[in-house]
Amino acid sequence: MTKPETSLNAPSWMQKRLKRFIRWRTNNLNDKQYIMILSVVVGIIAGLSAIVIKKSAHYIEELLTSSFSGDYANVLYIVYPAIGILLAVIFLRFVIRREPGHGIPGVLHAISRKNGIIKPHNTFSAIITSAFTVGFGGSVGLEGPTVSTGAAIGSNLGQVLRLNFKQITLMISLASAAAMAAIFQSPIAGIVFAIEVIMIDLTMASIVPLLIASSTAVITSYFVLGKAVMYPVFVHDPFILSNTPYYIVLGILAGLLSVYFTRIFIATEQLFEKLKDWRLRFVVGSVLLGLLIFLFPALYGEGYQVINNSLQGDFSDLFNNSIFYSYKDVGWVVFLMFLAVILLKAVAASVTFGAGGVGGIFAPALFMGAFTGLFFAVTTNYFELGQLNPSKFAMVGMAGMISGILHAPLTGIFLIAEITQGYELFVPLMIVATISFATIKLFQQNSVYTYQLARRGELLTHNKDRTVLNLMKVNKLIETDFSIIPPDYTMGSLIHVIAQSKRNIFPVVDTENQFLGHILMDDIRTIMFDTELYSTSVENLMVSPTFIIDPEDSMETVAVKFQESGKYNIPVLKNGIYLGYISRANVFSTYRQKLSEISDD
């Protein structure tokens with residue numbers, strides 16, 4: 001196994017002790033036993049980190065807003081989010097000296113392009129910045145930073161213990177599952193999330209460590225926080241078969257709203273990327289966010305209590321602390337407020353990120369899902385189109401939005417069933433989550449986590465062939481031991497070069513390293529001993545290749561070029577500058593090596 005380059009530089013005394021430990025471990029523990037033990041360690045640490053993030057943000061929010069009255073608007077809703085985002089940005093830019101980034105996409109990029117190496121600061125920076133962002137009112141969640149923190153813990157522990165790429169990737173998956181399990185006290189959802197979103201190679205050997213890490217994290221959470229259902233709604237109504245059409249419609253609606261959220265998120269990100277100065281991004285984003293929260297206070301923070309109330313069928317949070325409070329009993333205003341809060345949650349979350357805030361999209365997805373399901377049931381009942389249980393539809397709406405926005409239907413199903421103890425809803429959850437996922441797939445092939453990686457050809461998926469190709473890098477495959485021929489050479493001069501060369505291709509390159517063409521041994525084999533032709537210029541002998549490789553090409557593109565061309569070697573050019581060749585044999589041997597690195601023997 002190849003071992004990744006580590007970003008950690010431990011003191012010499014620590015390195016000596018580490019070497020002694022690794023020698024002891026090699027002599028006393030096999031790989032399976034070692035991973036089992038590490039699963040427990042990762043579960044405890046990731047579980048504690050999730051608790052710290054959750055408690056910190058909730059403490060800040062309670063400290064700032066506990067004195068607010070529900071029947072009037074508070075101008076501090078404009079100020080608080082800006083303060084939180086500014087603190088997060090200052091910490092990242094001037095203490096950590098890093099650009100703000102998104103947690104889970106960063107984890108996926110680390111697996112895809114950095115051999116699973118995540119910088120040490122990620123083990124604590126997301127805790128601090130997300131607590132500032134969410135606690136002060138940023139309209140995002142804590143789950144993304146929790147998972148990215150857990151992933152960083154797994155990666156750095158793997159680096160310290162000198163694990164290989166496959167083992168570090170497993171550690172990242174274990175820690176991500178543990179963090180998710182701890183923050184929701186939902187072990188099955190944590191495992192399913194890691195499988196659907198993080199892991200690239202699911203084997204039976206990885207199932208047991210996932211179970212150990214998730215259960216350890218949940219026990220840690222129970223020990224510190226007590227055993228509590230996150231959203232205590234108990235629905236014991238049996239599944240009503242005649243309600244199936246309503247669940248189908250809700251699934252389609254959740255899928256379309258997931259498309260809306262994804263498109264808004266991507267468009268907002270691209271818009272803020274055009275604002276080159278971080279101070280301008282902060283001002284624009286925080287002003288927009290502050291105004292949105294002032295008008296619609298339900299958008300403040302992750303919305304934990306708002307979601308809880310909506311699951312009870314209570315939509316009073318649409319008006320609490322709002323300038324529209326006096327209209328809370330007017331039917332058409334309630335209808336418009338539902339629509340506004342559902343649609344603007346996507347905008348509020350997006351501008352929070354655009355301004356420089358740090359958070360996750362789980363909570364916005366849960367928020368939109370709960371209010372979508374509640375709005376659907378309330379509207380259906382109001383117009384006497386049916387008699388639906390608002391709490392039940394709010395719950396399954398959450399599963400639909402998680403399934404659509406994250407492209408993770410199983411996570412949506414098991415997460416909602418566990419955190420609400422709504423196990424009687426498995427069939428409705430399956431219907432809504434599946435239809436939502438199928439709907440968004442018609443319009444959006446990649447989630448907000450993966451669209452950038454997919455655009456750059458760096459996305460790792462459960463398709464093992466594609467994953468292995470994405471792990472390979474073009475610049476690592478370039479061979480440069482070819483004899484370069486100047487364009488003023490004759491065939492007589494070429495014969496002397498051929499005599500010293502071990503390759504059968506000869507690139508013709510000018511003094512500015514511009515690639516002009518190449519000479520193939522097979523093309524000149526029948527004339528190379530005809531001395532009468534030795535004065536022939538190599539420019540009359542060279543040919544232009546039909547296919548060339550750019551160093552920015554993805555390996556999947558390179559593989560297609562080899563397949564379509566039937567060639568064994570293809571030149572690599574950067575804006576016409578000759579860099580070398582990539583051979584089919586080297587691609588194949590590297591593919592086999594990478595495959596062995598990510599798969600169990």
Asks: How close do Leu299 and Leu292 get, heavy atom to heavy atom, and via which atoms?
Replies: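 Taking Leu299 first and Leu292 second, the nearest heavy atoms are CD1-O, 4.0 Å.
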
Asks: Working to the nearest 0.5 angstrom, can you tell me the gap between Ser350 OG and Leu271 CG?
Replies: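 It comes to 10.5 Å.
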
Asks: Determine whether Trp278 and Arg281 satisfy the following criterion, side-chain contact (heavy atoms from CB on, under 4.5 Å), listing intermediate values before the conclusion.
Replies: CA-CA 5 Å; Trp278 69 267; Arg281 292 196 295 269; 3.4 Å; yes

Asks: Are Ile402 and Leu366 packed together at the side-chain level, in the sense that at least one heavy-atom pair is separated by less than 4.5 angstrom?
Replies: yes

Asks: With side-chain contact (heavy atoms from CB on, under 4.5 Å) as the criterion, how do Phe375 and Leu339 come out once you've worked through the C-alpha distance, each side chain's angles and the decisive distance to 0.1 Å?
Replies: CA-CA 8 Å; Phe375 175 59; Leu339 288 178; 3.8 Å; yes

Asks: Do the side chain of Ser436 and the main chain of Ala433 share a donor and acceptor less than 3.5 angstrom apart?
Replies: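 Not at all, since once roles are kept as given, no pair shorter than 3.5 Å links the two residues.
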
Asks: Would the distance check show the side chain of Thr65 and the main-chain N or O of Glu61 forming a donor-acceptor pair, the cut-off being under 3.5 Å?
Replies: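 Yes.
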
Asks: To the nearest 0.5 Å, what is the distance between CG on Leu374 and CE on Met398?
Replies: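 Leu374 atom CG to Met398 atom CE measures 11.0 Å (nearest 0.5 Å).
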
Asks: Kindly give the heavy-atom pair with the smallest separation between Ala50 and Thr146, and that separation in Å.
Replies: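 Closest pair (atom of Ala50, atom of Thr146, distance): CB-CG2, 3.4 Å.
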
Asks: For Phe371, does its backbone N or O pair with a side-chain atom of Ser310 as donor and acceptor, under 3.5 Å?
Replies: no

Asks: Look at the rings of Phe265 and Phe261 and say which category their plane angle falls in: under 30° parallel, 30 to 60° tilted, over 60° perpendicular.
Replies: parallel

Asks: List the atom of Thr123, the atom of Ile153, and the distance in Å for their closest heavy-atom pair.
Replies: CG2-N, 3.9 Å

Asks: With distance as the sole test, does Arg162 use its side chain to make a donor-acceptor pair with the main-chain N or O of Val160 at under 3.5 Å?
Replies: yes

Asks: Dump the intermediate steps for side-chain contact (heavy atoms from CB on, under 4.5 Å) on Ile323 and Leu295, then the final yes or no.
Replies: CA-CA 7 Å; Ile323 60 175; Leu295 293 173; 3.5 Å; yes

Asks: Is it the case that the side chains of His407 and Gln445 hold a donor-acceptor pair, with the cut-off being a distance below 3.5 Å and no angle test?
Replies: no

Asks: Asn475 versus Pro551: any side-chain heavy-atom pair under 4.5 Å?
Replies: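 A side-chain contact under 4.5 Å is absent here.
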
Asks: Measure the shortest side-chain to side-chain distance between Pro545 and Phe515 over non-hydrogen atoms and say whether it is less than 4.5 angstrom.
Replies: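 Answer yes - side chains close enough.
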
Asks: Assess, by modelled atom type and distance only, whether the side chains of Glu196 and Thr411 contain a donor and an acceptor separated by less than 3.5 Å.
Replies: yes

Asks: In Å and rounded to the nearest 0.5 Å, what is the CG to CZ distance from Leu288 to Phe272?
Replies: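 Those atoms lie 6.0 Å apart.
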
Asks: Looking at side-chain heavy atoms only, is the closest gap between Asn320 and Tyr325 below 4.5 Å?
Replies: yes

Asks: Please check if the side chain of Asn586 supplies one atom and the backbone of Leu477 the other of a donor-acceptor pair under 3.5 Å.
Replies: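 Pair found, side chain donor or acceptor close to backbone of Leu477.
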
Asks: Taking Gln167 for the side chain and Asn164 for the main chain, is one N or O donor matched with an acceptor at less than 3.5 Å?
Replies: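 Yes; judged by distance alone, with no hydrogens or angles, the pair exists.
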
Asks: Quick one: list whatever passes side chain to side chain contact (heavy atoms under 4.5 Å, CB included) with Asp550, sequence neighbours left out.
Replies: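 Residues passing side chain to side chain contact (heavy atoms under 4.5 Å, CB included) with Asp550: Glu552, Asp553, Lys574.
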
Asks: Shortest non-hydrogen contact from Pro81 to Gly138?
Replies: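 Looking at all heavy atoms of both residues, the shortest contact is CB-N, 4.5 Å.
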
Asks: Kindly compute the distance separating CD1 (Ile53) from CG (Leu48), expressed to the nearest 0.5 Å.
Replies: 11.5 Å

Asks: Does the Ser155 side chain pair with the main chain of Ile118, one donor and one acceptor, at a distance under 3.5 Å?
Replies: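 Looks like yes, one N/O pair under 3.5 Å.
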
Asks: So, do Val358 and Phe132 sit near enough that their side-chain heavy atoms are less than 4.5 Å apart?
Replies: no

Asks: Compute the centroid of each ring, for Phe362 and then for Phe193, and state whether the two points are separated by less than 6.0 Å.
Replies: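 Yes, they do, as the ring centres are separated by less than 6.0 Å.
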
Asks: Given side chains that start at C-beta, do those of Lys345 and Phe296 come closer than 4.5 Å, heavy atoms only?
Replies: no

Asks: Tyr300: what forms a ring-ring contact (aromatic ring centres under 6.0 Å, His included) with it, not counting sequence neighbours?
Replies: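 By the ring-ring contact (aromatic ring centres under 6.0 Å, His included) rule, Tyr300 matches Tyr77.
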
Asks: How far apart are the closest heavy atoms of Val140 and Gly359, and which atoms are they?
Replies: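 Minimum heavy-atom separation between Val140 and Gly359: CG2-CA, 3.7 Å.
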
Asks: Test of understanding: with side chain to side chain donor-acceptor pair (under 3.5 Å), list the residues that count as partners of Asp277, not counting sequence neighbours.
Replies: Arg279

Asks: Could you grab the distance from atom CG of Leu289 to atom CD1 of Ile85, nearest 0.5 Å is fine?
Replies: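 It comes to 5.0 Å.
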
Asks: Would a 4.5 Å heavy-atom cut-off, applied to side chains only, mark Met171 and Leu174 as touching?
Replies: yes

Asks: Taking C-beta and beyond as the side chain, do Ile96 and Phe124 meet within less than 4.5 Å on heavy atoms?
Replies: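 Of all side-chain heavy-atom pairs linking Phe124 with Ile96, at least one is under 4.5 Å.
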
Asks: State whether Phe547 and Lys561 meet the cation-pi test: NZ (Lys) or CZ (Arg) under 6.0 Å from the six-membered ring centroid, and within 45° of the perpendicular axis.
Replies: no

Asks: Quick one: are the ring centres of Phe315 and Phe338 less than 6.0 Å apart?
Replies: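 Yes, the ring centres sit under 6.0 Å apart.
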
Asks: Measure the spacing between OH of Tyr260 and CD1 of Ile405 and express it to the nearest 0.5 Å.
Replies: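 Taking OH in Tyr260 and CD1 in Ile405, the distance rounds to 11.0 Å.
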
Asks: The test is side-chain contact (heavy atoms from CB on, under 4.5 Å); show your working for Phe562 and Ile582 and say whether it passes.
Replies: CA-CA 10 Å; Phe562 273 110; Ile582 291 180; 3.9 Å; yes

Asks: Can you name the nearest heavy-atom pair linking Ser322 to Leu318, along with the distance?
Replies: CB-O, 4.3 Å

